[in-house]
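For ligands, and for the atoms within them, numbers begin at 1 and follow the listed sequence.
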Amino acid sequence: MIYSEKVMDHFMNPRNVGAIDDASGVGTVGNAKCGDIMKVYLKINEGVIEDAKFKTFGCGAAIATSSMATELVKGKTIEEALKITNKAVMEALDGLPPVKVHCSCLAEEAVHAALWDYAEKNGIVIEGLEKPATDIGEHDHHHDIEEE
Ligand code: FES
């Protein structure tokens with residue numbers, strides 16, 4: 001079996017599926033190569049992510065990483081959430097096969113895109129947050145990939 005039990009669990013029973021109607025920030029990212037699209041909704045109150053939901057049109061690993069990423073950012077401050085990299089998401093899932101690493105990048109970037117949207121809507125700057133790309137395949141700026 002190439003997928004860990006945790007990946008299978010989050011694929012079969014994804015957490016936080018859906019939308020947040022009064023979301024503080026919404027981010028959508030995709031990967032033109034595989035055609036997968038991920039949308040993340042965050043509800044932020046006084047700098048804390050109170051709720052996170054997602055809709056993913058994509059592969060099983062994209063669903064599992066969205067599920068895990070939303071689980072990991074819930075209850076975290078914005079600052080803490082920024083430290084949750086695709087690598088951290090993969091580790092929490094006990095790993096992904098190399099061809100599926102990009103799926104976890106989609107999850108990281110979707111969270112960043114939602115934070116970016118939140119910052120723009122509130123006219124604030126989140127330190128350490130770069131404007132996320134909408135197509136993750138275009139530039140693989142994730143250094144983590146090399147290390148895998
Ligand atoms: Fe592209 Fe999974 S195959 S996100």
Exercise for review: For ligand 1, note which part of K33 has a heavy atom under 4.0 Å away: side chain, backbone, both or neither.
Suggested key: neither
**Study point:** Atoms in ligand 1 with a heavy atom of L106 nearer than 4.0 Å
**Key:** 4 (S)
Practice item. Among all protein heavy atoms, pick out the one at the shortest distance from atom 4 (S) of ligand 1; state its residue, atom name and that distance to 0.1 Å. Key: D36 OD2, 3.0 Å
**Study point:** Min side-chain heavy-atom separation D94-E5 under 4.5 Å
**Key:** no
Study note, to complete from the structure: Short version for N31: what comes under 4.0 Å of ligand 1, heavy atoms counted, is neither
Exercise for review: May I ask you to decide whether K53 forms a salt bridge with D21, counting only side-chain N to carboxylate O separations under 4.0 Å?
Suggested key: no
Review point. Hey, does K39 have a side-chain heavy atom less than 4.5 Å from the side chain of F54?
Key: no
**Study point:** Metal proximity, C59 vs atom 1 (Fe) of ligand 1, N/O/S cut-off 2.8 Å
**Key:** no
Revision key, fill the gap. for atom 3 (S) of ligand 1, nearest protein heavy atom and its distance come out as H102 NE2, 3.2 Å
Review point. Is C103 touching ligand 1 with its side chain, its backbone, both, or neither, if touching means heavy atoms under 4.0 Å apart?
Key: both
Exercise for review: Could you list which atoms of ligand 1 come closer than 4.0 Å to a heavy atom of C34?
Suggested key: 1 (Fe), 3 (S), 4 (S)
**Study point:** Reported CD1-to-CG distance for the pair I44 and N122, which is rounded to 0.5 angstrom
**Key:** 8.0 Å
Check your understanding: Between T70 and N16, is any side-chain donor less than 3.5 angstrom from a side-chain acceptor?
Key -> yes
Check your understanding: Hey, what do you get for CG (L42) to NZ (K76), rounding to the nearest 0.5 Å?
Key -> 13.0 Å
